[in-house]
Chemist: 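Let me begin by handing over the structure; questions about it come next.
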Amino acid sequence: MCGIVAYVGNKEATPILIKGLKRLEYRGYDSAGIALLNGNLNVYKKKGKVSELEEYLKDQKVDSNIGIGHTRWATHGVPNDVNAHPHFSGKRELAIIHNGIIENYASLKLDLEQRGHVFLSETDSEVFIHFIEDIRDNNQCSLEEAVRLALTKVVGAYAIVIISKDDPNQLIAARKGSPLVIGLGQGEFFIASDASPIIEYTNEVVYLNDLEIAVIKDGRLSIKTIEDVQTTPYIQRLDLELDQIEKGGYEHFMLKEIFEQPKSIKDCLRGRVISEQAHLALGGIRQYLNKLVNADRIIILGCGTSWHAGLVAEYIFEEFARIPVEVEYASEFRYRNPIIKEGDVVIAISQSGETADTLAAIELAKAKGAIIFGVCNVVGSSIARASHEGAYLHAGPEIGVASTKAFTAQVTVLTMMAIIVGHRRGTIKESLFHQLLVDLENLPVKVEKALKTNEQIKYISSIFKDARNFLYLGRGANFPVALEGALKLKEISYIHAEGYPAAEMKHGPIALIDEEMPVMVIATKDQTYEKIVSNIQEVRARKGKVIAIVTEGDKQIEAMADFVIEVPGTHEFLMPIISVVPLQLLSYHIAVMRGCNVDQPRNLAKSVTVE
Ligand code: G6P
């Protein structure tokens, strides 16, 4: 949940750490800090954004060639200067940055307190570093060995980096359940939660595996397991360009990512769909494809927006492949003793590939014999690696906390999967198969057209920006789009919003409708069109304000809605990829007009690596 960055080499560490923390701010932004070795081991930290830390550092002497930095999303202890990382050990000889949760910290803390340790913060991370120092001193062992021994005793998830006053050329890092990547430069090393702080310096990286400890000492990297077995670092080349993680002229990452969707969908389809050759293939799911084709049922797992993509996929898989699908919140699934039998198929969806609940749910399903297909955006992420097979989104880095282009790419990948499976099972006729390939190829152009509604949506946003509630209605595959639209609005503009299947409105939400209530209705042409027209009438009869997303040229709804937003039509099961676009734009503009921080909404983080 937090962002970690560290540097050792011959450059000035502070600018590298600050720039890196800014890139990682999407992971948390309630406080930030760095520790540097400059004569002594010094820690500088501040509540608030990285820019506040940067301001504070202007008056400090911060020259150093080695340092660690952290941007926090609070789990233990309120966001303030004291709880911010890095944390000192008791003797202030060591400092730690930590992402994750140490579950047995309370018992460790009690034991340490009974032996005289005094803690300044309320964090589990401070307990962690005291514990390591305690082991080092009691066993008279090296720091590396003390870290290893400590890791055999802590329960929970962590990515840590430790710096020591006595070793000006050493950084020690370890991970379990939280990502860490090590960048290898010319006589310099970088460590970070993801590759974004590293990319402008080197594209040679090593992804640390769970339960591995990396020691960078005197210009050399060595890795061992916590069982004390040496491993050979596997060096990979990063396939990421710097401009992919910068704003490229847009005011916010979210807006950039919304407008990137024609390209991200094209990238997602590239090489996978060629309608002229009747070609549709996902290279990453060849080996276990038969398991998917012959599955009795499919379980889809995800959280947040990824769960919504899973709900859309339920409609698509059941329609095209005629396989029953269950979509589950990963957080519920993992704690309810789910019934899984050998050979069951699970599709795990995650933009970041690091969501703790999704990862734990996968492990549980795997242990019960399920075959896991991962649908992730971040290459080499924990979920991608924990899956048997999978398909990447290829949507490029998503930085804005509110997920946009990942959702459309997730639905695109899942649609391709469902069509492949349906084609193999014979549940899709040849003519429909061809038509769907053409429809897939046309998606980028249609999404581009849907983006042309931007100015109109800006205007609609100006009218409804002060609303206190919003209702989102949809039917069929557009019902999850209603949920996604409501989530977007809640996340970034803090307006209460609910998504509902349109027909369910009469079982409750209809009581909320009055002249104050804006109701977004996704009413594109599909098999339930006439039904949703009736639902619009029901809203109108109670004086609700109807904003309808309709298929181009629709005259019937135009006559009854307060506002209609026209988008291009496509096969009804591909429609969510287009109909979600105006909802993304609406939430964006309303949030901007309300003065909200779009890319870093309060209390949220991009990647939830704690449960
Ligand atoms: C967080 C993010 C959401 C995201 C969810 C699942 O809540 O703010 O945007 O949908 O996590 O993340 P994942 O990386 O697993 O898709």
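Both counts, for ligands and for their atoms, begin at 1 and track the order of listing. FYI, the numbering just counts along the sequence from 1. Quick caveat, the model's predicted, so the values are computed rather than measured.
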Chemist: Considering both backbone and side-chain atoms of Ala402, is one of its nitrogen or oxygen atoms within less than 3.5 Å of a nitrogen or oxygen in ligand 1?
Modeler: no
Chemist: Starting from atom 5 (C) of ligand 1, find the nearest protein heavy-atom neighbour and note its residue, name and distance.
Modeler: Cys303 O, 4.0 Å
Chemist: Of all heavy-atom pairs between Leu489 and Ala497, which one has the smallest distance, and what is that distance?
Modeler: CD2-CB, 4.0 Å
Chemist: Starting from atom 7 (O) of ligand 1, what is the nearest protein heavy atom, named by residue and atom, and what distance separates them?
Modeler: Val608 CG2, 3.9 Å
Chemist: Please write down residue, atom name and distance for the protein heavy atom closest to atom 8 (O) of ligand 1.
Modeler: Ala605 O, 3.0 Å
Chemist: Is it the case that ligand 1 has an N or O less than 3.5 angstrom from some N or O of Gln351?
Modeler: yes
Chemist: Taking 4.0 angstrom as the limit and counting only heavy atoms of Thr305, give me the atoms of ligand 1 inside it, by number and element.
Modeler: 10 (O)
Chemist: How about Val346 and Asp344: do any of their side-chain heavy atoms sit closer than 4.5 Å?
Modeler: no
Chemist: Assess whether side-chain hydrogen bond (donor to acceptor under 3.5 Å, both in side chains) is satisfied between Ser178 and Glu354, documenting all intermediate values.
Modeler: CA-CA 7 Å; Ser178 297; Glu354 301 295 346; over 6 Å; no
Chemist: Which option out of Ser352, Ala356, Gly400 puts a heavy atom nearest to atom 14 (O) of ligand 1?
Modeler: Ser352
Chemist: What protein heavy atom sits nearest atom 11 (O) of ligand 1, and how far off is it?
Modeler: Lys606 O, 3.8 Å
Chemist: Is the shortest distance from a Lys or Arg side-chain nitrogen in Glu200 or Lys19 to a carboxylate oxygen in the other one below 4.0 Å?
Modeler: yes
Chemist: Please say whether the positively charged group of Arg602, taken as NZ for Lys or CZ for Arg, lies over the ring of Tyr494, i.e. under 6.0 angstrom from the six-membered ring centre and within 45 degrees of the axis.
Modeler: yes
Chemist: Pull out every atom of ligand 1 sitting under 4.0 Å from any heavy atom of Val401, numbered as shown with elements.
Modeler: 8 (O), 9 (O)
Chemist: Name the orientation class of the two ring planes belonging to His388 and Tyr288 (parallel below 30°, tilted from 30 to 60°, perpendicular beyond 60°).
Modeler: tilted
Chemist: Considering only heavy atoms, does Thr358 approach ligand 1 within less than 4.0 Å through its side chain, its backbone, both, or neither?
Modeler: neither
Chemist: Answer yes or no: is there a side-chain heavy-atom contact under 4.5 Å between Phe479 and Tyr315?
Modeler: yes
Chemist: Within a distance under 4.0 Å of any heavy atom of Ser306, pick out the atoms of ligand 1 and give their elements.
Modeler: 10 (O), 13 (P), 16 (O)
Chemist: For Gly69 and Leu21, work out which heavy atoms get closest and say how close.
Modeler: C-CD2, 3.6 Å
Chemist: Is any side-chain heavy atom of Pro444 closer than 4.5 Å to one of Leu269?
Modeler: yes
Chemist: Show which atoms of ligand 1 fall inside a sub-4.0 Å distance from at least one heavy-atom site of Ser403.
Modeler: 9 (O)
Chemist: Against heavy atoms of Thr355, which atoms of ligand 1 measure under 4.0 Å?
Modeler: 6 (C), 12 (O), 13 (P), 14 (O), 15 (O)
